[in-house]
Protein chains: 2
Amino acid sequence: MKETVKNIINTIYPISNQAFGEIEKLLIFETYSKGETFISRNKHNKKEYFALKGISKSYLINPDGDEITISFFLENSILSPHPIRTSKNISNLYFKALTDIELASIDAEIFEQLMIENIEIRNFANTVLQNELISKVEKEIGLASLSAKERLIEFRKKYRLLENLIPHTNIASYLGITNISLSRLRKDLMN
Amino acid sequence: MKETVKNIINTIYPISNQAFGEIEKLLIFETYSKGETFISRNKHNKKEYFALKGISKSYLINPDGDEITISFFLENSILSPHPIRTSKNISNLYFKALTDIELASIDAEIFEQLMIENIEIRNFANTVLQNELISKVEKEIGLASLSAKERLIEFRKKYRLLENLIPHTNIASYLGITNISLSRLRKDLMN
DNA sequence: GCTTACCATTAACATTTGATAAAAAACGGT
DNA sequence: ACCGTTTTTTATCAAATGTTAATGGTAAGC
């Protein structure tokens with residue numbers, strides 16, 4: 001499990017065994033069942049997560065009470081809740097297990113202390129933040145310049161098998177359309 | 001002018017006079033005329049910009065050859081091109097002066113060196129990055145969960161007078177709609 | 001195995017948005 | 001002030017998407 005975390009980190013920004021040792025000591029392993037909601041930031045708890053097994057998503061509730069999917073997280077990736085730290089408008093960003101999942105967590109405040117002390121860890125964290133920003137900009141471009149059908153095509157390229165693994169409602173809200181519209185596009189794309 | 005840069009920085013993350021002194025020495029002041037395109041990253045030049053006077057935008061060209069507005073930059077703000085640094089997919093992010101503008105620039109590589117040496121500057125830069133990510137997530141939420149009309153209403157709240165200062169085409173592409181559609185929504189909202 | 005809840009699809013209709021074209025208005029340079 | 005360009009508005013029609021409702025399927029729990 002710890003080896004998996006190390007691999008996740010190294011695919012993003014390679015760090016030394018020594019630097020990883022600092023992180024390793026602090027890892028806590030958690031599991032959630034399909035459908036469970038969890039959060040990475042509240043008054044008492046601030047955590048960073050590594051996704052080891054299963055699929056999860058971040059989402060928020062819009063004024064109509066619907067879940068809006070913001071991001072999907074596959075195995076061997078990092079759940080990135082950074083924006084919550086300071087934003088007033090993004091008060092309620094949740095996470096949900098879309099399958100049974102296994103996570104490794106680390107206390108966010110301790111991790112930030114590690115960042116200050118260790119330049120490798122700081123570079124790693126900064127790369128995570130930059131990657132996240134890049135993915136947001138890429139998604140922004142897609143939403144602004146592609147039709148819903150084109151966005152679905154891009155989604156399929158990016159997330160390959162995901163469409164067969166999770167309820168489509170999540171994908172529809174991620175694409176910014178209704179699930180009825182998604183169903184129509186799926187039919188349309190079968191030909 | 002330098003005082004303005006200091007104020008911009010301090011509204012984001014207050015730094016000491018000493019830390020600002022490090023930045024101040026490296027500032028270069030530039031002006032562009034309305035309609036001019038400029039870029040903050042290429043092989044020979046990597047710059048960070050502070051917007052002192054006027055309005056500018058970042059944009060890219062979609063496959064149809066249209067300009068897609070990504071962000072607007074008002075006076076006393078920071079032009080944030082960070083994603084370009086590493087992304088392959090966001091190869092062509094440009095900036096354009098929407099009015100005559102005055103900027104202060106700083107060489108990005110030198111600035112990164114300052115970040116390493118000075119924790120205040122590092123914290124400032126990190127806050128910029130986080131703010132940028134927050135604004136992307138907020139925009140993402142809006143695009144995914146609001147109608148075009150609602151997005152226009154939110155745009156007006158956020159950018160107050162901007163609608164009267166720049167060609168509406170920019171706003172339409174920012175909102176993800178055509179300028180014809182924007183015109184209809186404007187008429188609709190007059191009642 | 002049965003039932004219930006959730007999910008995906010389909011249909012019919014309403015609404016929104018896009019595309020194209022044309023006219024009116026605003027703007028810029030001389 | 002004039003001319004040419006750009007921008008905004010308007011109209012018409014087509015296409016895409018949303019809304020509501022009904023149907024059938026699938027998975028989970030009992």
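Residue numbers start from 1 in every chain, and the chains themselves are labelled A, B, ... in the order their sequence lines are given, proteins ahead of strands. From a predicted model like this one, the values you see are computed outputs, not experimental measurements.
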Distance-minimising heavy-atom pair for Tyr174(A) and Lys158(A): OH-NZ, 4.2 Å
Close residues, residues 167-185 of chain A, relative to DNA chain D [heavy-atom separation under 4.0 Å]: Gly176(A), Ile177(A), Thr178(A), Ile180(A), Ser181(A), Arg184(A), Leu185(A)
What is the distance from CG of Leu165(A) to P of dA27(D), rounded to the nearest Å? 13 Å
Quickly work out the Leu146(A) CG to dA16(D) P distance and round it to whole Å. 15 Å
Quick check: closest heavy atoms across Ile78(B) and Phe124(B), and the distance to 0.1 Å? CD1-CZ, 3.5 Å
Please give, in whole Å, the distance from dC6(C) C1' to Lys34(A) NZ? 10 Å
Has the side chain of Glu132(A) got a donor or acceptor atom that lies under 3.5 Å from a matching backbone atom of Leu133(B)? no
Glu36(B) has an atom CD; how far is it from atom P of dG28(C), in whole Å? 15 Å
Please give, in whole Å, the distance from dT10(D) C1' to Met190(B) CE? 14 Å
Does the side chain of Ser71(B) come under 3.5 Å of the side chain of Lys136(B) through a donor N or O and an acceptor N or O? yes
On the six-membered ring of Tyr59(A), is Lys96(A) placed so that its NZ or CZ lies under 6.0 angstrom from the centre and within 45° of the ring axis? yes
I need the CD1-C1' distance between Ile166(B) and dT6(D), as an integer number of Å. 15 Å
Min side-chain heavy-atom separation Phe95(A)-Ile101(A) under 4.5 Å: no
Distance, rounded to the nearest Å, where Asp188(A) contributes CG and dA11(C) contributes P: 14 Å
Between dT17(C) (C1') and Arg186(B) (CZ): distance, integer Å: 18 Å
